[in-house]
Each structure stands twice: as structure tokens, then as C-alpha cells.
Amino acid sequence: GRDFAAAGPIPLRGEWELYWERFLGPGDFRDGALVPDAYLSVPGGFGTVQTPGLNLPDKGFATLRLRWRAPPGVRHMALRLRPVISSYRLYLNDRLLAQVGVPGESYDTTTPQYLESYVPFVVDQAENEFVLQIANFHIWGGGLNQAPAMGPEDVMLRNWNLQLGFEFLQLGAFLIMLLYHLGLFYYRSTDRTTFYFAAFCGLVLIRILVFGERVLIYFLPWLHWEFHMKLNYITYFLLGPVLLYFFAGLYPGAARRWWNRLCVYISLPFVALVLLTSSAVYGYTFHIYSVLFMAMQVLMFDLLIRAVRRRAPWSLVSLISMLAIPAAVLNDILGIIFHREAGVLAPAAAFIMVLTHAIILSMRFSRDLTAVEISRDELEDKVRQRTRDLSTTLEELQMTQSRLVHREKLAALGQLTSSIAHEINNPLGAIGASSSIIRRAFQDSLRDLREVLPELSEEERSHFYLLLERA
């Protein structure tokens, strides 16, 4: 009588029969003689089995069995099986429904794969059973850590499409943020805040691809399990330092830079361990780094609170938008460690945080652009005033130059006049000085002429008068 349209799919939580270190098929249960070694409380890993005298490790292989009754009137159903660590085969009654990876009885015979399964099937009988063969030798946490969900095929498909659509919305938003802020950093490389913000968007984008609905696996089903795990761990180890450096760039006056560098120095060895070792080694670092990651969250809040006290612009909005991040991250970490289902909230909280800080960055750039425009207008006013001052100075210089040229001309003319006057005065002085001498000599000559003229002959007088006329 369950209303699947209103209540949604049925999560297959509860006690599953567990047969440790045995691969059993549906035919092995027909006689009803098999007794389970223990019961696994789903969601849960092998290590969570609480049975006296049986302490199971995280790594190994087992068969899980669940018997269930089909809802009346429903034949076309579907099962959604979240990624099982790290390989499995799933049987419905006598049919093989799904297989992910190759489950084996040792490390060498097991091929892990990280893939979510959506399996439609037809129910032909009222009593049914799921038989799940699981093998994990590659990483901690083997078992059925997330409960499968079952329901009518149309309801399951609708729910899956809604979740997938929301994830594609997140992917598109983070991709746009990544490309946009990388472009801002390209044109303004002196401000690294946009680079760290773009890096954070890129890391969240990768984590959504490999950890949310596992979109990357749907497009690249051949992707190696080890590569998928490395992406998962490396992005997780880098998120904290990148976010710290982003806030340090956004509010530089409130940052404790040596704490930021210490977080980087702590995170890089974890990243190197992931790159250089296999999941069997670096898989155990998740618990350790989770404590460090929460410490980084404390540092972020310390930085934001200091920024609020300093009245940094938009710091209070940053602080409010970040409040959901620690709770969401803690929820996801505890869900992974203690195998409880509370939903993956970190991407949604990160989406709110990224959207808020994208608006803050845009307002910051708008403020800087306004300041640049104001400075440009002031500079243009100063240039115009300086141009007017220079024009006035140039006119004054031209007038001074004209006066100087006029003075030079007058000085040259005065010097020329004095030179000419000097040249004229010299001969005039000489003439004036010798005129008295000439006059006395002429008077003496006239007295002598009176005495000489009577003594001249008529011809000599004619010659004398002729000379006078010519003179």
C-alpha cells in the first residue's frame, strides 16, 4: 500500500545476511540449509559487523542476501545501487542483474570499479531475494556503505533524472565560474584572489564529477578505478589550502599568512602520498586528514571573524555564507566514516558559498572599476588643467622671447649706430682739425698770388685762369 509517487523509493536498509569469505549464488540457498555468519546492518561496512567471536576487517570478500516481498500491482521496478567498495555481482532470484568490476577472492583476482548502477527489472513473483557478492582488497571501507533504493521504474527514473539534473546545474555553474574567473585573472594577473577562486571552483567541479552522481564515470566508463580514487583524494586534500588562500587574498588585513603556509606544507605530503602509492596505502589517510580539514575550517572562520571586526567590505556576508560549509563537510565526513546516510551536502553548501563570493568579487571589481573611472576623470581634469597651465606658460614664454628678440635687435642697432658714428666722427674730426691749417695756407697763397700774378706773362695767366676754372 506504499504510495511511491509521494513517499519515493524504498531504501533497502536493515539486516542483510552475511556469508564471510564465501561467494554464493542464488542456487546455493534453495535448500535453506545455509546459516549466515553474521548480519550486516546496511548501510555499513564489513568492519561494522557486531557479532561475538567475529571481528571482520575492512578488506575481504563476502556474500550478502536480502529477501523481500514485491509490492502488489507493481511489476516493472528498478534498483539504484550506489558505488559498492570495490566490486560486486548482483543477482535477483536466479538472474544476474548487474556486475561492477570483477569480484575475486584475493587482491590479484579482484578488479575494482567505482560505478553506480541503475538496474530496471521485472518482478514475476511475490517472494524475491537479492544476492550480492562483494569483494574489496584495495581500500578501506569494504561493504555496502550506502543502502540501495528500490521502487517502480518510472518513480526511480524520475528521481534519478531530478538528481542528475541538479548535478548538471551545479556542474554548469561551477564551470562558468571557473572559466570566468580564470579570464579575470588572465587580464589582471596581479590579483591572485580570482585565481584561487577559480581553483576552488575547479576542485569542486572535479569532486562533483567523481563523487556526486559520478557523471564522469557515465561518460568515461573505462576510467581506471585507481585514477578515480586519486582524483577523489587529491581534490579533497587541496580544497582547504586553496580556500584559505582565497580568503587571505580577499581580506589580506585579517590573514595569518604563516598559518596558510603551514596548511600547504601539511597538505602537500598527503597529495604526494596519493600520487606515489596505491589506494591500499593512501586510503587510510582519509581519517587523519579529515581532522586537519576541520582545523582548516576553524582557521577560515578565525580569518573571517577578524575581517568582520576590521569592518572589511562584505566580510559579514562571507562569514554567513560559510556557516553551512563546516556542517555540510562534517556531515559528509561522518557519513563516510560511520557509514550513515545523510545525503551529500558539501557540493550544495559549496554552491551557495561560490555563488555568494562570485557576487562579492563582482561587486569588488565594480568598486575597483568605479574607483578607476573616478581616478581617470580626476586625471583627465588634471591633464586639462595642466594643459591650460602649459598653454599659458607657453604664451608667456613666447611673449618673453619676443621681448628678448626686440631687445637684442635694439642692442644690435645701437651697437651698429655707434660704430657708424665712430667711423664718421673720425674723418670729420680729422677734417675739422685740418681745416684751420688749410685756411691759413689758402690765405697765405692769396697774398703770394697778388705778388706773383703781375709778374706772369699773358700766356701764363691764361693757363692759370684755365686751371682755376677747371678746379
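Residue numbers run from 1 in the order of the sequence given.
No side-chain heavy atom of V123 sits less than 4.5 Å from a side-chain heavy atom of V74. Here the side chains of T356 and S318 are not in contact, with every heavy-atom distance at 4.5 Å or above. You'll find the side chain of L92 reaches within 4.5 Å of the side chain of R95, heavy atoms only. Counting only heavy atoms from C-beta outward, the side chains of H181 and L361 approach each other to under 4.5 Å. Using a 4.5 Å heavy-atom threshold, the side chains of M77 and E153 count as separate. Put simply, the side chain of L144 reaches to within 4.5 Å of the side chain of L64, judged on heavy atoms. By the 4.5 Å heavy-atom criterion applied to side chains, L316 and I320 are counted as neighbours. Two residues are said to be in side-chain contact when any heavy atoms from C-beta on lie closer than 4.5 Å; V242 and L203 meet this criterion.
Using cut-offs of 30° and 60° on the angle between ring planes, the pair F286 and Y233 is perpendicular. Aromatic ring orientation, H357 versus F246: perpendicular (interplanar angle above 60°, classes split at 30° and 60°).
Scanning for side-chain contact (heavy atoms from CB on, under 4.5 Å) contacts around L66 gives L12, W16, with sequence neighbours left out.
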If you apply the rule side chain to side chain contact (heavy atoms under 4.5 Å, CB included), what do you find for L205 with L178, and how did you get there? CA-CA 9 Å; L205 178 68; L178 169 65; 4.3 Å; yes
Apply side chain to side chain contact (heavy atoms under 4.5 Å, CB included) to residues R261 and W258 and explain how you reach the verdict. CA-CA 5 Å; R261 289 192 291 268; W258 60 278; 3.8 Å; yes
Please walk me through it: do L24 and Q133 pass side chain to side chain contact (heavy atoms under 4.5 Å, CB included)? CA-CA 7 Å; L24 304 175; Q133 299 174 353; 5.5 Å; no
Under the side-chain hydrogen bond (donor to acceptor under 3.5 Å, both in side chains) rule, what do Y236 and S290 come out as? Steps first, then yes or no, please. CA-CA 9 Å; Y236 176 56; S290 295; 3.1 Å; yes
I'd like to know whether T193 forms a side-chain hydrogen bond (donor to acceptor under 3.5 Å, both in side chains) with D191, so could you lay out the CA-CA distance, the side-chain angles of the two residues, the decisive distance to 0.1 Å, and finally the verdict. CA-CA 6 Å; T193 306; D191 184 7; 3.0 Å; yes
Could you walk me through whether Y282 and F237 pass the side chain to side chain contact (heavy atoms under 4.5 Å, CB included) test, one step at a time? CA-CA 12 Å; Y282 66 74; F237 293 159; 5.9 Å; no
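The CD atom of E116 sits 8.0 Å away from atom CG of L81, with the distance rounded to the nearest 0.5 Å. In this structure, CD1 on I352 lies 12.0 Å from CE on M322, to the nearest 0.5 angstrom. Here L162 contributes atom CG and L157 contributes atom CG; the two are 9.5 Å apart, rounded to the nearest 0.5 Å. If you take CZ on F166 and CD1 on I208, they are separated by 8.5 Å, rounding to the nearest 0.5 Å. With values rounded to the nearest 0.5 angstrom, I134 atom CD1 is found 12.0 Å from R89 atom CZ.
A donor-acceptor pair under 3.5 Å is formed between the side chain of N136 and the backbone N or O of D58.
P148 and L79 get closest at one heavy-atom pair: CB-CD1, 3.9 Å. V84 approaches G143 most closely through the heavy-atom pair CG1-O, 3.4 Å. The two atoms that bring R364 and G249 nearest to each other are NH2-O, 3.9 Å, heavy atoms only. Considering all non-hydrogen atoms of both residues, K59 and W20 come closest at O-CH2, 3.9 Å. In terms of heavy-atom proximity, F351 sits nearest to A173 at CE1-CB, 3.4 Å. When every heavy atom of N232 is checked against every heavy atom of R207, the shortest pair comes out as O-NH1, 2.7 Å.
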Please list every donor-acceptor pair under 3.5 Å in which a side-chain atom of residues 299-307 meets a protein atom from a residue at least two apart or in another chain.
from	atom 1	to	atom 2	distance (Å)
D302	OD2	R256	NE	2.8
R306	NE	A254	O	3.0

Report all side-chain donor-acceptor pairs from residues 263-278 shorter than 3.5 Å, counting only partners two or more places apart or in another chain.
from	atom 1	to	atom 2	distance (Å)
S267	OG	C263	O	2.9
S267	OG	Y289	OH	2.9
T277	OG1	L273	O	2.5

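Residues Y19 and F29 bring their aromatic ring centres within 6.0 Å. Remark: aromatic rings of F137 and Y107 are distant, center separation not under 6.0 Å.
Applying the ring-ring contact (aromatic ring centres under 6.0 Å, His included) rule to pairs touching residues 51-73 yields F23-F61, W68-F130, sequence neighbours excluded. Applying the salt bridge (Lys or Arg N to Asp or Glu O under 4.0 Å) definition to pairs two or more places apart or across chains, those involving residues 66-78 are E17-R67, R69-E127, R75-D124. For residues 47-56, no residue pair satisfies the salt bridge (Lys or Arg N to Asp or Glu O under 4.0 Å) rule, not counting sequence neighbours.
A salt bridge is absent between K382 and D389; no separation between the charged side-chain nitrogens and carboxylate oxygens falls under 4.0 Å.
If you check the side chains of T63 and R22, you find no donor sitting under 3.5 Å from an acceptor. For the 3.5 Å distance criterion, the side chains of Q163 and R80 qualify, holding a donor opposite an acceptor.
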